[in-house]
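Not measured: the values here are computed from a predicted model. Every number for a ligand or one of its atoms is a count from 1 in the order of the listing. Below, all heavy atoms of this structure are taken into account, side chains as well, without hydrogens, waters or symmetry copies.
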Amino acid sequence: MAFRTDQIFPYSLILTIFVATCSLELIPQNEGTEASACQAPENFPRDLELYKGEFHNWAEDLIVKGLWNAVPRTPTEVLKLVNWAYQHNYTIRPSGYMHTWAPTTVVKNTTECQHERVIVMKTNESLTQMKMTRNYPFPTVWAQSGANMGNIMSFLEENGYGFNASPAPGPITLGGVVAIAGHGTGIPAVGEIPTPGKSFGSISNLVVDFTAVVWDPKEDAYVLKTFQRSDPEAKAFLTSMGRVFILDMTLRVMSNYNLRCESRIDIPATELFADPKTVKPETRTISKIIDSSGRMETILFPFTARPWLKIWTVSPIRPFFSRATRQPYNYPFSDNIPQPVAAMASNISNGAWELTPAFGELEYDMVVSGLATSFSSDLWGPSKNLLLYIQATTLRLTENGAAILTSRKNIQRVIHESFAFFTKLVQEYQAKSKFPINGPLEIRVSGIDNPGDVGIPGAEAPAISPLYPVNANIFFSEYDVCIWFNILTFPSTPHAIEFLQRMETFFYETYNGDYALIRPEWSKGWAYKNNTSWSNDEMLQETIPKSLPHWSYSVATYDKYDPHRVFSNEFLDILFSA
Ligand SMILES: Cc1cc2nc3c(=O)[nH]c(=O)nc-3n(C[C@H](O)[C@H](O)[C@H](O)COP(=O)(O)OP(=O)(O)OC[C@H]3O[C@@H](n4cnc5c(N)ncnc54)[C@H](O)[C@@H]3O)c2cc1C
Ligand SMILES: *[C@@H]1O[C@H](CO)[C@@H](O)[C@H](O)[C@H]1NC(C)=O
Ligand SMILES: *[C@@H]1O[C@H](CO)[C@@H](O)[C@H](O)[C@H]1NC(C)=O
Ligand SMILES: *[C@@H]1O[C@H](CO)[C@@H](O)[C@H](O)[C@H]1NC(C)=O
Ligand SMILES: *[C@@H]1O[C@H](CO)[C@@H](O)[C@H](O)[C@H]1NC(C)=O
Ligand SMILES: *[C@@H]1O[C@H](CO)[C@@H](O)[C@H](O)[C@H]1NC(C)=O
Ligand SMILES: *[C@@H]1O[C@H](CO)[C@@H](O)[C@H](O)[C@H]1NC(C)=O
């Protein structure tokens, strides 16, 4: 990664000096068993929980050992921690389940005591309260930012409410999801009746008010400030990658509803992703599936012909052939990987890259037999049980994240072109006996962040959400959908980043605003260069900022409310410098 190491050394120097000079004053909060070379942070508030832990991201290719973790239990403790950090030149990194691939929490592998002056603020253990609230003329839920999305959705269900769409895993925090503009899949089916609170954009776009920790020059301290969604500054906070800290928020919700989810494993990718110029009336394209059901996802394993296609349909009454399900996560075979698949996965990630085509076949077979034996190819029930379908035990892969905004009439064109380029690239590498991509290609289609969805006069879309409307005036915007294109592979697969960089170059050359526009999916991989992710300076400092109209405004807002950069890291310093 292109981080400047000179930013790291002064910190370790300072740390060394403190370790040498402050000893007896230190709070003896330590991990106990392991005799540590590192001392606890100086003058750390005695009543705050602090422990030494390890940061590891989802793909386990970003690991920081011996990092101090604080667990504030109340808003007062949060402020105490942040003000202590400000006074002692520490940075604070909010952290939930560490499911993000991008280095927005911590930036690079570091061994014990080698990292900078950073405290990870864990939210998911203690800042988890939630309640239904009635401050608006529509139903809302208030939750602290460490609350787990799955728990929020269960709580909503008990109260008769739900979300129109959500990310697929449950154990991710609301704060983490809002920070990266988390999304699900789906746009309105043709003829679908708009119901109040139904939004096809990101979770960030559902926020009606929130409380953040901000710098107050009058108090000379960090304080809590509540923002209404109508406040123009709110738009900078509602996707920030942790450049600000949101303590709690209120979200607009909708009346709960029932969904059906059908899985298909019989339609060839060439048919689903067919060129719209050549389709026949009977061709089963993604575009047609979306017109009839609105919500779909395809998972295409490497070197296989037919994706696992999920189609969700709003279905008030259980269709005759659907199985009613009482809980989420109905695909046990993809969450608890069968032994033969796990064995081959392990061989591949240990270097048997040429097993990739056989691995793709094995995974496809696993889905075919898994759907049959778990009776999960046609499910129906309350929305949450169909919207949550990935658990943390699924394969640990890395992935790129491309959000391609376009208009509904161009969905099939963009998917076809992207798939054709992807296929050509895979074949080019295969011809040289190279297998950079050993995980699936996943495609979803969502709506954009229409600020009208939230029902607050004056609301603006979250400014750096990839779903920010392309035309400032939503009513004249041509771009009403977003295609999420994710390519998964094991970390450290040779040529993988090079492959993803070529894919990214294709996206940026092709979707530059003519009939589609590409932006990064923040939580995943982007800005590739020289075999590393998140390192392409031109992308970080020019291309990406230019693709979002309120970028500079957002950066200025972060600097206004956190001038001391307590909530930042070396990567965010580069990204948010433009
Ligand atoms: C298997 C898997 C499947 C996924 N599926 C989807 C999906 O379907 N849709 C989707 O959109 N995403 C998906 N994601 C990505 C996921 O939604 C994001 O990575 C999300 O940020 C994870 O939440 P977390 O609690 O782990 O956040 P973390 O990774 O802990 O934090 C993410 C970022 O948010 C910041 N942050 C955390 N809390 C706060 C706060 N209170 N205030 C401000 N900043 C904060 C952190 O500093 C960090 O920069 C998936 C990830 C995995 C691993
Ligand atoms: C970080 O550590 C992980 C786990 O040991 C490793 O797979 C990865 O390659 C390392 N990354 C870098 C940039 O060294
Ligand atoms: C923090 O940094 C400032 C400016 O570099 C310095 O003056 C101050 O002494 C530092 N304080 C601590 C506690 O390190
Ligand atoms: C909080 O997240 C950590 C990972 O950072 C996890 O180990 C822990 O189990 C989570 N706690 C809860 C209550 O979910
Ligand atoms: C994985 O590698 C081991 C050791 O080489 C071998 O015995 C085994 O058959 C391989 N398994 C698969 C599924 O390729
Ligand atoms: C990227 O990595 C591949 C091997 O995975 C290597 O052949 C290539 O030279 C590398 N490219 C750069 C620019 O370092
Ligand atoms: C990337 O690779 C090119 C060519 O190998 C080299 O000229 C350039 O300095 C590298 N950039 C970085 C940031 O490593």
Tell me which one of Thr493, Asn530, Asn531, Thr532 gets a heavy atom nearest to atom 2 (O) of ligand 6.
-> Asn531
Electrostatic pair [X]:[Y] at N-O distance under 4.0 angstrom:
| X | Y | answer |
| --- | --- | --- |
| Lys131 | Asp248 | no |
| Asp562 | Arg243 | yes |
| Glu498 | Arg502 | no |

Which residues share a salt bridge (Lys or Arg N to Asp or Glu O under 4.0 Å) with Glu157, sequence neighbours left out | Lys384
Heavy atoms from other residues, nucleotides or ligands near CD of Glu60 exceed 12 (cutoff 6.0 Å) |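 Correct, the count exceeds 12.
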By number and element, which atoms of ligand 2 are closer than 4.0 Å to a non-hydrogen atom of Ile63?
->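 Contacts of ligand 2 toward Ile63, numbered from 1: 4 (C).
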Close-contact set for ligand 2 against Glu60 heavy atoms, below 4.0 Å | 3 (C), 4 (C)
Look up atom OG in Ser523 and atom CG in Asn57, then write down how far apart they are to the nearest 0.5 Å.
-> 11.5 Å
Which atoms of ligand 6 have any heavy atom of Glu498 under 4.0 Å away?
->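 Going through ligand 6 atom by atom, the ones under 4.0 Å from Glu498 are 1 (C), 3 (C), 8 (C).
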Can you tell me if Arg229 uses its side chain to pair, donor with acceptor, with the backbone of Ala234 under 3.5 Å?
-> no
Could you tell me whether Phe499 and Tyr429 have their ring centroids closer than 6.0 angstrom?
-> yes
Extract all N/O-N/O pairs under 3.5 Å that connect ligand 1 to the protein, and present each with both atom names and the distance rounded to 0.1 Å.
residue  : atom   : partner : partner atom : Å
ligand 1 : 8 (O)  : Ala168  : N            : 3.0
ligand 1 : 8 (O)  : Arg444  : NH1          : 2.8
ligand 1 : 8 (O)  : Arg444  : NH2          : 3.3
ligand 1 : 9 (N)  : His183  : O            : 2.9
ligand 1 : 11 (O) : His183  : N            : 2.8
ligand 1 : 11 (O) : His183  : O            : 3.4
ligand 1 : 19 (O) : His99   : O            : 3.3
ligand 1 : 19 (O) : Thr100  : N            : 3.4
ligand 1 : 19 (O) : Thr100  : OG1          : 2.7
ligand 1 : 21 (O) : Thr100  : OG1          : 3.0
ligand 1 : 21 (O) : Gly176  : O            : 2.9
ligand 1 : 25 (O) : Tyr97   : N            : 3.1
ligand 1 : 25 (O) : Thr173  : N            : 2.8
ligand 1 : 25 (O) : Thr173  : OG1          : 2.7
ligand 1 : 26 (O) : Tyr97   : N            : 3.2
ligand 1 : 26 (O) : Met98   : N            : 3.1
ligand 1 : 26 (O) : His99   : N            : 2.9
ligand 1 : 29 (O) : His99   : N            : 3.2
ligand 1 : 29 (O) : Thr100  : N            : 3.2
ligand 1 : 29 (O) : Thr100  : OG1          : 2.8
ligand 1 : 30 (O) : Gly96   : N            : 2.7
ligand 1 : 30 (O) : Met98   : N            : 3.1
ligand 1 : 41 (N) : Ser145  : OG           : 2.9
ligand 1 : 41 (N) : Ile246  : O            : 2.9
ligand 1 : 42 (N) : Ile246  : N            : 3.1
ligand 1 : 47 (O) : Pro94   : O            : 2.7
ligand 1 : 49 (O) : Thr104  : O            : 3.3
ligand 1 : 49 (O) : Thr104  : OG1          : 2.7
ligand 1 : 49 (O) : Met241  : O            : 3.0

